[in-house]
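One structure below.
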Amino acid sequence: MSASAGSVAAGPLPFPDGCDIVLPLFDLQWSTRAVLEGLFARYTPRAVYVITPEANRAALLHASTAEAWRAPRLHVIPEEGFFTARHGRTKQDLASTLDLAGSLYKPGWFYQQLLKLGADEGIASLSDAFLVWDADLLLVGGWPAVEANGRPCYALLQDSSRGNAEIVSRWSRWIRSVLGVEPAVDPAGRATFVPHHMWFVQQHLRTLRERIADYYGDRATPWPELMMRSAGEFGTFSEFWLYASWVAARHSDTAPHALPYHRYGATTERFFEDGTAPFAQAARQYLDADPEAPFRPAYVELVGFIEQAYADAGRPLPSSLSFEASPRHRHKGRANMHVEELRSPWHTAAD
């Protein structure tokens, strides 16, 4: 089956001319095809750059070709040597500098944040303003990526009333200490600045990286290594929140605009789904998918399922869905869930 003629999957959304999208991808997932096709179907990027481990590169290129993915301007870049030409550091070099005993996060989680903050250094001819997109975020109803005045915008998607207070406190302390600015806050007091996507501007990233070097009084050590040092010092950092805070304080006249939570965040959902949980199982059944073949539904197919399922349940169409693939989310209890998880009919709470 496929999406109907009136499907939102056919509706383009405003997007700035000549801008690129960057998508770090740790592993090829069941939803990767739909996420990538959705970016091309709903937006009009000049190109989409996927940064992924070398082991995934061939598989991604083969799948996109063999399955005729609707991702016409897709470029795949190996992540291991992303910073080697500019800074002489491999992924392994940077990971080896971390000291994260007892941390929830792995070195690769921090490295993916560095890829976002340094995308302009590893991708030749990247657009001056570019949209970074998390690989587990699927556009459904969607939102515009540019306002009528031409200013890029992004949607606030995470309610601030729940979450790990200790981690948030560490993120906040990092921003105040390293950047010397106040953490960005939602004027409406509703959302966090962890929206799973963010517009970056190359000039603003350069001033941010210079500030990190100034904090450590070290212009000789590459900034990615200093960022890893900061992870050891503070226990963590949040790439989207620190960037949003920096531009709000130092580049407010040209900072991308955050769309308020009530417009798009109020319907977004987040839940564990690695291709075997309830959502994917229901989608397989709806699409009558071959149980022996890899399940990589096209964007229009997956959105067709979502539209039907939510209409049947009398639920509003979500603006987006975030598929958590980490096994730790399978056993996540309600006490530790975000608002966006609690509202979803697809979550698998442990209690």
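As the structure is a prediction and not an experimental result, all values here were calculated from the model. Sequence positions, counted from 1, serve as the residue numbers for this chain.
Applying the 6.0 Å contact sphere to NE2 of His62 captures no more than 12 heavy atoms from other residues, nucleotides or ligands. Atom CG of Asp17 has 12 or fewer neighbouring heavy atoms from other residues, nucleotides or ligands inside a 6.0 Å radius.
In terms of heavy atoms, Ser125 sits closest to Tyr49 at OG-OH, 4.3 Å. Nearest heavy-atom pair across Tyr216 and Ser230 is OH-CA, 3.1 Å. Across all their heavy atoms, Pro24 and Lys116 have their closest contact at CG-CG, 3.8 Å. Closest heavy-atom contact between Ala244 and Met198: CB-CE, 4.1 Å. Across every non-hydrogen atom of Thr236 and Phe110, the tightest pair is CA-CE2, 3.8 Å. Closest of all the heavy-atom pairs between Ser320 and Leu157 is OG-CD1, 4.1 Å.
A donor-acceptor pair is defined here as one N or O able to donate and one able to accept, closer than 3.5 Å; such a pair exists between the side chain of Gln113 and the backbone of Phe237. The backbone N or O of Ser319 lies less than 3.5 Å from no partner atom in the side chain of Thr268, so there is not a single donor-acceptor pair. At least one donor-acceptor pair closer than 3.5 Å links the side chain of Asp20 to the backbone N or O of Ser127. A donor-acceptor contact shorter than 3.5 Å is absent between the side chain of Ser172 and the backbone of Val168. Side chain of Glu340 to backbone of Gly265: no donor-acceptor contact under 3.5 angstrom is found.
In this structure, a donor-acceptor pair under 3.5 Å is absent between the side chains of Ser238 and Trp174. Side-chain contact, Thr97 with Glu225: no donor N or O sits under 3.5 Å from an acceptor N or O.
Ring geometry, Phe193 versus Tyr154: the interplanar angle exceeds 60°, so the pair is classed perpendicular (tilted spans 30 to 60°). Using bins of under 30°, 30° to 60° and over 60° for the plane-to-plane angle, the ring pair Phe130/Phe200 lands in the parallel bin. Classified by interplanar angle (parallel below 30°, tilted 30° to 60°, perpendicular above 60°), the ring pair Trp133/Tyr43 is perpendicular.
Annotation: side chain of Arg296 is not in contact with side chain of Thr32 (no heavy-atom distance under 4.5 Å). In this structure, the side chains of Leu117 and Trp223 come closer than 4.5 Å at one or more pairs of heavy atoms.
At a threshold of 4.5 Å between side-chain heavy atoms, the hydrophobic network of Ile, Leu, Val, Met, Phe, Trp and Tyr places Trp171 and Val185 in two separate groups.
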Go through the steps for Arg209 and Glu121 under the test salt bridge (charged side-chain N to carboxylate O under 4.0 Å, His left out), then give the verdict. CA-CA 11 Å; Arg209 297 188 295 248; Glu121 292 190 339; 3.6 Å; yes
Worked verdict on Thr207 versus Trp246 for side chain to side chain donor-acceptor pair (under 3.5 Å): CA-CA 9 Å; Thr207 64; Trp246 179 251; 2.9 Å; yes
Go through the steps to decide whether Glu37 and Arg33 satisfy the test salt bridge (charged side-chain N to carboxylate O under 4.0 Å, His left out), and finish with yes or no. CA-CA 6 Å; Glu37 288 188 342; Arg33 176 182 183 177; 3.0 Å; yes
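Ring centroid separation for the pair Trp199 and Phe15 comes in under the 6.0 Å cut-off.
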